[in-house]
Number of protein chains: 2
Amino acid sequence: MDELDRKISNLLAEDARRSLSDIGAAVGLSASAVNERIRRLAASGAIRKFTVDADPAAFGKPILAFVWIALAAEADEAGFRAFARSQATIAECHHVTGPWSYIVKVHVGSLPELEAFLSELKAARFIARSETVIALSSVVDGPFDPTEPRHV
Amino acid sequence: MDELDRKISNLLAEDARRSLSDIGAAVGLSASAVNERIRRLAASGAIRKFTVDADPAAFGKPILAFVWIALAAEADEAGFRAFARSQATIAECHHVTGPWSYIVKVHVGSLPELEAFLSELKAARFIARSETVIALSSVVDGPFDPTEPRHV
DNA sequence: TATTTTGCGGTCAAGCTCATCCATGGCCGC
DNA sequence: GCGGCCATGGATGAGCTTGACCGCAAAATA
């Protein structure tokens with residue numbers, strides 16, 4: 001992971017379909033040298049995968065919200081995590097410091113859909129308390145992955 | 001944006017280097033038909049770009065934090081937004097409902113680095129108040145883009 | 001209503017760029 | 001001085017790209 005690897009990664013992040021020769025010309029390496037470095041970056045896990053950055057609105061999920069969750073005392077944490085991974089609407093879920101247990105980032109199509117999601121959380125008896133914050137606009141937008149039923 | 005487009009997008013999100021023939025076989029189309037659909041998805045903006053999902057830790061940013069920000073009364077909002085876009089550590093920045101003005105998602109290398117970032121925010125006189133939450137672990141992780149000085 | 005027209009979206013085939021593989025050679029470390 | 005690692009350059013084959021043709025469906029005209 002030297003300066004060249006970082007440059008190559010940046011170029012790939014901008015456009016992963018660049019040709020190896022283009023990248024090589026940009027960083028001062030031959031195409032096969034670049035190929036070998038990319039192979040190593042992928043093998044080491046520094047590059048997790050080649051993917052596409054999509055527009056949530058185009059996939060019917062124009063609304064972005066953050067939900068703070070305090071787990072119920074009786075909720076089993078593993079069950080909640082499995083639930084979070086199975087939910088298509090959950091783009092991110094992090095265990096965090098502070099008064100709340102988890103922060104969850106969700107993409108939904110409408111406010112009723114958001115309400116349904118919250119109801120489901122409550123019905124599953126995972127949460128003791130929650131607080132929802134809706135994004136009005138995004139100054140810096142993160143990448144969006146349209147295929148969300150990750151793991152299983 | 002029909003069912004085929006969604007399937008193709010999902011396949012690309014899993015692995016953007018799949019060959020057109022592979023995708024075609026998976027969805028029941030010819031390679032060039034798939035090519036045309038991908039071209040349209042990219043032209044319409046449904047697919048924003050082809051990119052790589054990287055491991056933040058491999059790029060020296062193992063720590064993920066969320067910072068709530070209440071803008072100072074005298075802060076000019078446009079200046080703050082420009083600042084947010086110029087910051088390499090800011091992965092996301094959203095204008096939100098609720099008592100806080102913005103939520104910012106940051107990737108940093110260490111806690112001192114996080115502290116320096118917060119100091120910079122304060123020194124620039126943008127914030128009246130802030131609250132920082134650190135992610136202990138990620139149940140569902142979002143994609144990470146290593147090249148963060150986005151716009152300019 | 002029947003017929004024609006128009007346009008979109010698909011398949012197929014051909015040319016050619018580009019990724020991959022391999023052998024050679026140079027550089028650094030042991 | 002020796003060995004391992006890595007970049008270079010060329011050959012081969014896969015796969016992307018382009019263009020022409022075909023079929024279907026919707027709209028327009030008689």
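Order of the sequence lines fixes the chain letters, A, B, ..., with proteins taken first and strands second; residue numbering starts at 1 for each chain. The shown structure was predicted, so the numbers you read here are calculated from the model rather than taken from an experiment.
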Look at the rings of A:Phe80 and A:Tyr102 and say which category their plane angle falls in: under 30° parallel, 30 to 60° tilted, over 60° perpendicular. tilted
Backbone of B:Ile134 reached by a side-chain donor or acceptor of A:Thr97 within 3.5 Å: yes
Out of curiosity, A:Lys105 NZ to B:Glu92 CD, how far, rounded to the nearest 0.5 Å? 3.0 Å
Verify whether the ring centers belonging to B:Phe83 and B:Phe126 lie closer than 6.0 Å. yes
Is there a residue in residues 37-47 of chain B whose heavy atoms reach under 4.0 Å of DNA chain C, and which residues are they? B:Arg37, B:Arg40
Treating A:Ser19 as the side-chain partner and A:Asp22 as the backbone partner, does any N or O pair qualify as donor plus acceptor under 3.5 Å? yes
Taking the six-membered ring for Trp, are B:Trp100 and A:Trp68 closer than 6.0 Å centroid to centroid? no
Among B:Leu29, B:Leu4, B:Leu11, B:Leu12, find the one that has a side-chain contact (heavy atoms from CB on, under 4.5 Å) with B:Val34. B:Leu29
To the nearest 10 degrees, the angle between the two end axes of the helix from C:dT1-D:dA30 to C:dC30-D:dG1 (five pairs per end) comes to 30°
Considering only nitrogen or oxygen atoms on both sides, find all protein atoms under 3.5 Å from nucleotides 14-19 of chain C and state each distance.
unit_1 : atom_1 : unit_2  : atom_2 : d
C:dA19 : OP1    : A:Leu20 : N      : 3.1
C:dA19 : OP2    : A:Leu20 : N      : 3.2

Should the heavy atoms of other residues, nucleotides or ligands under 6.0 Å from CZ of A:Arg125 be counted, would the total exceed 12? no
Should B:Asp55 and A:Lys49 count as an ion pair when the cut-off is N to O under 4.0 Å? no
Salt-bridge present (B:Asp53, A:Arg48; N to O < 4.0 Å): yes
Quick note, salt bridge (charged side-chain N to carboxylate O under 4.0 Å, His left out) partners involving residues 2-16 of chain A, not counting sequence neighbours, are A:Asp2-A:Arg37, A:Glu3-A:Arg6, A:Asp5-A:Arg37, A:Glu14-A:Arg18
Main chain of A:Gly109, side chain of A:Glu113: is a donor-acceptor contact present, judged purely on distance under 3.5 Å? yes
Strictly distance-based, threshold 3.5 Å: is any side-chain N or O of A:Ser30 a donor or acceptor partner for the main-chain N or O of A:Ala33? yes
Output one line per pair: protein atom, nucleotide atom from nucleotides 25-28 of chain C, and distance, for all N/O pairs under 3.5 Å.
none

In whole angstroms, the gap separating P of C:dT20 from CD1 of A:Ile23 amounts to 11 Å
Could you tell me whether the side chain of A:Ser101 and the main chain of A:Leu71 form a donor-acceptor pair under 3.5 Å? yes
Pick out the pairs of N or O atoms, protein on one side and nucleotides 9-11 of chain D on the other, that lie under 3.5 Å.
unit_1 : atom_1 : unit_2  : atom_2 : d
D:dG9  : O6     : A:Ser32 : OG     : 3.3

What class does the angle between the rings of A:His94 and B:Phe66 fall in, given that below 30° is parallel, 30 to 60° is tilted and above 60° is perpendicular? tilted
Rounding to a whole Å, what distance do you find between B:Asp15:CG and D:dG15:P? 13 Å
